Undergrad: 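Quick one: the structure is below, questions incoming.
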There are 2 protein chains.
Amino acid sequence: MPKGITREKVVEAALELLDDKGIEGVTVRALAQRLDVRAPALYWHLRNKQELLDEMSTTVLRRIADELPPPGSDWREDLAAYARVLRAEYLRHRDGARTFSGARVSDPDLVARVKEPLYQSWTKAGLTLQEADDALDVVVAFVVGFVIEEQERLQSAVTDPTRYSLAERDAGLGEHAPLTKDAGHLRDDSGERFERHLGIVLDGLAARHVRHDPPARRRRTR
Amino acid sequence: MPKGITREKVVEAALELLDDKGIEGVTVRALAQRLDVRAPALYWHLRNKQELLDEMSTTVLRRIADELPPPGSDWREDLAAYARVLRAEYLRHRDGARTFSGARVSDPDLVARVKEPLYQSWTKAGLTLQEADDALDVVVAFVVGFVIEEQERLQSAVTDPTRYSLAERDAGLGEHAPLTKDAGHLRDDSGERFERHLGIVLDGLAARHVRHDPPARRRRTR
DNA sequence: ACCTGAACACCGTTCAAGT
DNA sequence: ACCTGAACACCGTTCAAGT
């Protein structure tokens, strides 16, 4: 009688293990123990550990795809929504940004499920496909970079409270870096920072697009 | 008689090992072999492997600091130069972006050496410190995200040529994703893409700054 | 078809002991 | 002060063998 372990259950358990112990704790043996089997059993369901990691990334991307609202009338809002969902899903898992960015996604259809509706909507609104593709890539790059840094900071605040303590930092900085020191003190809530920085990136995209794409207007005039 | 191993030589050898074998190949034992000592010898010079990784990151950041041109008259050019140096230094090392981003930098003065001149110059030109700090962070986040993706693509093109082959991808995509398919085909040289995307981000920063910062003008009138 | 036991070639790290 | 030998508690993975 099989123990009822499926590929899906293995991946699910791996994601729980990630949240509990971090990426270092995701070992084949620990995962097997959590599923109440011996380590080699997992190799019946997955070719190797890399395939496990790929499946974990794919599962997270699937959740992102599910949470994504359908494109609306404003490409800027579509992008903002995408950025927020991406960040939220990365933050939801310990080491999420590092683990899932640059992910090898096993299901190519899934990528299309996310991108195609956005491309459709934006090209109809007057963007070229190149611009739409660039827009998505720039936003994703920004979110990945932002959350990697954010999560590193959040997590080492727990494991090593001195590392990001401002007092420690100020002491290390000496006298010749007053602005660097001050800048450290005006760091606000990271959610606010994210929204502000996202706004900057979207402004950059707008700067290129509005030139030849006044969307509402063009449609109404004839 | 000591074997002449120093902390600096260990870190240097670790960076060579990284380039040869990738981050998975950077093991204490392999590093010891390269230095012609036994593994425990390294623990005289470094507390543990994490400290080794921190020192590697710090060394790379030091090189970035050395290569950075002094700030000029245009914050936009300063940022572009920073972004290019950062990307180049990440690309120079195998797994560079993943390994060095979100780095725990051991030397706080080094961070100041990079940031302080830029903050100085930009605040003199009319930016607030908050804006200067945001600008740097947004650009760094973008570069980190961009290069992680870029390097993943470059490296798996070597190790697994089918993964990013367009033909394979097109086959997996089926019929319902024509735009996603087309977008895959208009990907140009990654250097050009970087410059274009960097331009977008800088435009976003400009959109906020030019409003209250016509730099040359303000100084001349009285 | 699905899982285990045993084994292989590795890891990072500690520590007494050598020089 | 600087390094080694031996050992500990781990890794991912393979494979014959069990049911």
Side-chain angles (χ1 to χ4, degrees), chain A residues 1-58 94-95 98-100 103-104 106 155-156 159-160, chain B residues 1-58 94-95 98-100 103-104 106 155-156 159-160:
Chain A
M1 68 290 255
K3 289 227 178 176
I5 308 253
T6 65
R7 203 179 157 87
E8 289 72 35
K9 283 186 177 175
V10 173
V11 173
E12 202 183 328
L15 283 169
E16 290 170 20
L17 190 57
L18 176 67
D19 294 344
D20 281 5
K21 313 281 182 185
I23 188 66
E24 305 278 276
V26 179
T27 71
V28 176
R29 285 168 149 89
L31 181 56
Q33 192 170 12
R34 188 174 270 257
L35 291 162
D36 202 35
V37 294
R38 311 296 138 199
L42 300 182
Y43 287 81
W44 181 261
H45 301 277
L46 294 156
R47 203 152 17 134
N48 50 34
K49 192 178 176 179
Q50 186 57 57
E51 195 169 290
L52 173 68
L53 293 170
D54 294 351
E55 284 304 313
M56 291 167 72
S57 297
T58 303
R94 194 160 154 190
D95 297 321
R98 305 196 76 87
T99 306
F100 304 127
R104 306 144 175 98
S106 58
Q155 291 183 176
S156 28
T159 61
D160 175 7
Chain B
M1 68 288 257
K3 289 226 180 179
I5 307 244
T6 65
R7 203 180 158 87
E8 289 71 34
K9 284 185 175 176
V10 173
V11 173
E12 202 184 328
L15 283 168
E16 290 170 22
L17 190 58
L18 176 67
D19 294 344
D20 281 5
K21 313 281 182 187
I23 188 66
E24 305 278 277
V26 179
T27 71
V28 175
R29 285 169 150 88
L31 181 55
Q33 193 171 13
R34 188 174 269 257
L35 291 162
D36 202 34
V37 294
R38 311 296 139 199
L42 300 182
Y43 287 81
W44 181 261
H45 302 277
L46 294 156
R47 203 151 16 131
N48 51 34
K49 192 179 177 178
Q50 186 56 57
E51 195 168 291
L52 173 69
L53 293 170
D54 294 351
E55 284 303 313
M56 291 167 71
S57 297
T58 303
R94 195 159 154 189
D95 297 321
R98 305 195 77 88
T99 307
F100 304 127
R104 307 145 175 96
S106 58
Q155 291 183 6
S156 32
T159 61
D160 174 8

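Remember, predicted model here, so these are calculated numbers, not experimental data. Residue numbering restarts at 1 for every chain, and letters A, B, ... go by the order of the sequence lines.
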Undergrad: Starting at atom CG of A:D36, determine the distance to atom C1' of C:dC2, rounded to an integer number of angstrom.
TA: 15 Å
Undergrad: Assess whether atom CD of B:Q33 is packed by more than 12 heavy atoms of other residues, nucleotides or ligands within 6.0 Å.
TA: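 Check fails, neighbour count at 12 or below.
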Undergrad: Quick one: are B:L35 and B:L42 in side-chain contact, heavy atoms under 4.5 Å?
TA: yes
Undergrad: What is the distance, rounded to the nearest whole Å, between atom NE2 of A:H45 and atom C1' of C:dT4?
TA: 13 Å
Undergrad: Is it true that a side-chain atom of B:T58 and a backbone atom of B:S106 form a donor plus acceptor pair closer than 3.5 Å?
TA: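 Flag set: sc B:T58 to bb B:S106 pair under 3.5 Å.
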Undergrad: CZ of A:R38 versus P of D:dT19: gap in Å, rounded?
TA: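 My rounded result for the distance is 16 Å.
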Undergrad: By side chain to side chain contact (heavy atoms under 4.5 Å, CB included), which residues pair with A:S57, not counting sequence neighbours?
TA: A:F100, A:A103
Undergrad: Would you call B:Q50 and B:L53 a side-chain contact if the rule is heavy atoms closer than 4.5 Å?
TA: yes
Undergrad: Near DNA chain C, under 4.0 Å by heavy atom, which residues of residues 8-17 of chain A?
TA: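 Within this stretch, nothing sits under 4.0 Å of the strand.
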Undergrad: For DNA chain D, please output the secondary structure as dot-bracket, reading 5' to 3'. Pairs are Watson-Crick or G-U wobble, both atom distances under 3.5 Å; mark crossing pairs with [ ], other-strand partners with |, unpaired with a dot.
TA: ||.|||||...|||||.||
Undergrad: Find the distance A:W44:CH2 to C:dT4:C1' and express it as a whole number of Å.
TA: 14 Å
Undergrad: Name the pairs: protein N/O against N/O of nucleotides 10-14 of chain D, kept only if under 3.5 Å.
TA:
residue : atom : partner : partner atom : Å
D:dC11  : OP1  : A:T27   : OG1          : 3.4
D:dC11  : N4   : A:R29   : NH2          : 3.4
D:dG12  : OP1  : A:V28   : N            : 3.2
D:dG12  : OP1  : A:K49   : NZ           : 2.9
D:dG12  : OP2  : A:V28   : N            : 2.9
D:dG12  : N7   : A:R29   : NH1          : 2.4
D:dG12  : O6   : A:R29   : NH2          : 3.3
D:dT13  : OP2  : A:Y43   : OH           : 2.6
D:dT13  : OP2  : A:K49   : N            : 2.9
D:dT13  : O5'  : A:Y43   : OH           : 3.2

Undergrad: Please enumerate all residues that pass side chain to side chain contact (heavy atoms under 4.5 Å, CB included) together with B:R34, with sequence neighbours excluded.
TA: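 With neighbours one apart ignored, the set is B:A13, B:E16, B:L17, B:D20.
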Undergrad: Test side-chain contact (heavy atoms from CB on, under 4.5 Å) on B:V26 and B:L31; report intermediate values, then the result.
TA: CA-CA 7 Å; B:V26 179; B:L31 181 55; 5.6 Å; no
Undergrad: Could you walk me through whether A:L46 and A:R7 pass the side-chain contact (heavy atoms from CB on, under 4.5 Å) test, one step at a time?
TA: CA-CA 7 Å; A:L46 294 156; A:R7 203 179 157 87; 3.7 Å; yes
Undergrad: Can you name the side chain to side chain contact (heavy atoms under 4.5 Å, CB included) partners of B:T99, sequence neighbours left out?
TA: B:L18, B:I23, B:D95
Undergrad: Let me see the working for B:E51 and B:N48 under side-chain contact (heavy atoms from CB on, under 4.5 Å), right down to the final yes or no.
TA: CA-CA 5 Å; B:E51 195 168 291; B:N48 51 34; 3.7 Å; yes
